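This report refers to the structure that appears directly beneath it.
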2 protein chains.
Amino acid sequence: MKKKVIKNKLVELNPNVSVDCVIFGFDFEKLNVLLIDRGTTLGIPLALPGNLIYNSENLDEAASRVLEELAGLKNIYLEQIGAFGDPLRITKITDQEWLKAMRAEPSARVITVAYFSLVKMSDYVPQASSFAKNASWVSVQEITELAFDHLEILTTAKESLKQKIRRQPIGFNLLPEKFTLSQLHRLYESILEKPLDKRNFRRKIQKLDIIESLKEKQKGVPHKPSQLFKFNKEKYELLTKIGFDNFGF
Amino acid sequence: MKKKVIKNKLVELNPNVSVDCVIFGFDFEKLNVLLIDRGTTLGIPLALPGNLIYNSENLDEAASRVLEELAGLKNIYLEQIGAFGDPLRITKITDQEWLKAMRAEPSARVITVAYFSLVKMSDYVPQASSFAKNASWVSVQEITELAFDHLEILTTAKESLKQKIRRQPIGFNLLPEKFTLSQLHRLYESILEKPLDKRNFRRKIQKLDIIESLKEKQKGVPHKPSQLFKFNKEKYELLTKIGFDNFGF
DNA sequence: TTTGAAAGTGTATTAAGGACACAAAGTAAA
DNA sequence: TTTACTTTGTGTCCTTAATACACTTTCAAA
């Protein structure tokens, strides 16, 4: 089995367990996912960023590590979707690290633990890492094919995000500090994949009392500039602490 | 690595991946979980039924197999909760199968994929299997300690079930064919861990139009006998097919 | 100064949620 | 056979949330 020295400790790759991340980003128009082109030849479908885990880390740590290693992203909203893996995942043969690990353990198969994460697209800057130089944002609507079972994972991730945002206001993780209500509105529409009435949306979100109007407006737009808002994390945490979990849509 | 012959095929245990099942049952009063006493000595905490997976099966199959092998349960409602596993799960040292597998692969650790399942308690008859002869139903309220990280898994399972039943009428899996509205009412209260007004509950559940009144009443009870109902699966599937997913509480 | 484009705002109607109390139907015990 | 006991089964009022819907305002650009 492949061994690596990290921080003066002998750690080992586990050839049976990987993590894959569905990294969502919002460009103010639609929802996107960060995908990796692992093809050395043409025609190989894109894949979710992921990697094998080390025996020395727990699953959440492994997902964080993958986010950081492959996309340079730190302190990111992460949520486990679940485990995937039928024996066919053994077809993951383009992953070099996996190949090495397999040499020692040829009969094993991989299961993967999938996560979704929400990032501000501006926070992502393409890395020089061998993996991520081939990474790019793709609109979720346009994705019809992915490597391995990643399309199934993406579908589950979308559903999971939908359910989650109907209970908790996690959408703010996809927006910059300052945002407009229209941006938030489009964000909810993108995630829920259905139109929401503008006035009803605004009334509802403002009634939740977790966003705060800033004394500042949008600039340089060729139309009436919008009021800017920010998410009030303190108020939100206060509400959840007293058991409130109906930020629903 | 340990090899076993099943149905004329060579299959292998994967020493890194197990499944554990939170098997819920309802005794018309409260929610129970089927736990296994793996202790040869006294004082060893109870555990969730679970086992290592074979490389030849997928995760859902493995969970079904465990349900059948350990509890004799077939065709049971199963739902994945998620994957658990930090390196400390390596303490799972009382599991003999695992010990054997570890001999070949001493440095590996186990992650577990957890499921919850809903069964009619009457369907469960203690098995003669070496595992399950030590199985018993325990009220979820009374559980304060479990082996390994199983308490964490149980907590997640309870939360998962709560969320799920607020969207989909899966509670019927815990009840016999014919049941009373009071039984259903207590079931919802047990799962949601909060009182629900009797009349409001009845109005709401009947409005969903997925239960059907039978021309039959309870017998032999020392009070006014209750009308019996059954779950109308066809109507429910029709509703979900057209996108309705608000069976909420 | 006109045009285009998105922001921002209120009301009326309908549906759902929550609180609440008493008569009816059976068995068991006196 | 009467009484006590226990659980079933039912309706209304009030409050809150959801939905449908259209016009004026404000800025930049032409």
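Throughout, protein chains are lettered first and strands after them, A, B, ... in sequence-line order, and every chain is numbered starting at 1. Note that this is a predicted model, so its numbers are computed, not measured.
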### Task
Please assess B/Lys74 against B/Glu68 for the test salt bridge (charged side-chain N to carboxylate O under 4.0 Å, His left out), listing each intermediate value before the final yes or no.
CA-CA 6 Å; B/Lys74 280 188 191 186; B/Glu68 193 176 341; 3.6 Å; yes
### Message
Taking only side-chain N and O atoms of A/Ser182, does any of them lie within less than 4.0 angstrom of OP1 or OP2 on C/dA7?
### Response
yes
### Query
Rounded to whole angstroms, how far apart are CZ on B/Phe201 and C1' on C/dG17?
15 Å
### Query
Going through the checks in order, is the salt bridge (charged side-chain N to carboxylate O under 4.0 Å, His left out) test met by B/Glu193 and B/Lys162?
CA-CA 9 Å; B/Glu193 294 180 296; B/Lys162 250 187 221 180; 3.0 Å; yes
Taking N or O atoms only and anything under 3.5 Å, show me the protein contacts with nucleotides 21-25 of chain D, one pair per line.
| residue | atom | partner | partner atom | Å |
| --- | --- | --- | --- | --- |
| D/dC21 | N1 | A/Arg199 | NH2 | 3.4 |
| D/dC21 | N3 | A/Arg199 | NH2 | 3.2 |
| D/dC21 | N4 | A/Asp197 | OD2 | 3.4 |
| D/dC21 | N4 | A/Arg199 | NE | 3.4 |
| D/dA22 | N1 | A/Arg199 | NH1 | 3.3 |

### Query
Between atom CD in A/Gln227 and atom C1' in D/dT26, what is the gap in whole Å?
13 Å
### Query
Taking all atoms of both residues into account, what is the closest heavy-atom pair of B/Lys164 and B/Tyr77, and its distance?
CE-OH, 3.4 Å
### Task
Under 4.0 Å between any heavy atoms, over every strand shown, what does A/Gln218 touch: base, sugar-phosphate, or nothing? Just pick one.
nothing
### Message
Under 4.0 Å from OP1 or OP2 of D/dG9: is there any side-chain N or O of B/Ser226 that close?
### Response
yes
### Query
Taking only side-chain nitrogens and oxygens of B/Lys207, does any of them come within less than 4.0 Å of OP1 or OP2 of C/dA16?
yes
### Length of the line joining A/His223:NE2 and C/dA5:P, which is rounded to integer Å
10 Å
### Task
Under the side chain to side chain contact (heavy atoms under 4.5 Å, CB included) rule, what do B/Phe84 and B/Asp20 come out as? Steps first, then yes or no, please.
CA-CA 10 Å; B/Phe84 295 78; B/Asp20 286 314; over 6 Å; no
### Query
Once you round it to whole Å, what is the distance between P of D/dA18 and CG of A/Leu196?
12 Å
### Query
Nearest nucleotide by nearest heavy atom, which residue falls closer to the 5' end of DNA chain C, A/Thr180 or A/Pro222?
A/Pro222
### Task
Apply side chain to side chain contact (heavy atoms under 4.5 Å, CB included) to B/Ile76 and B/Leu118, showing your working.
CA-CA 7 Å; B/Ile76 292 301; B/Leu118 305 181; over 6 Å; no
#### Entry: Among A/Phe231, A/Phe172, A/Phe28, ring-ring contact (aromatic ring centres under 6.0 Å, His included) partner for A/Phe179
A/Phe172
### Task
Please state how far atom CZ in B/Phe28 lies from atom P in D/dT8, giving the value in whole angstrom units.
13 Å
### Task
Round to the nearest Å and state the distance from A/Ile211 atom CD1 to C/dG8 atom P.
11 Å
### Query
If we only count heavy atoms from C-beta on, is the B/Ile211 to B/Leu181 side-chain gap below 4.5 Å?
yes
### Task
Let me know, please, whether A/Lys217 or B/Gln183 comes out on the 5' side of the other along DNA chain D by nearest nucleotide.
B/Gln183
### Query
Tell me: NZ of A/Lys204 to C1' of C/dA16, nearest whole Å?
13 Å
### Query
Whole-Å distance between D/dT8 P and B/Phe229 CZ?
12 Å
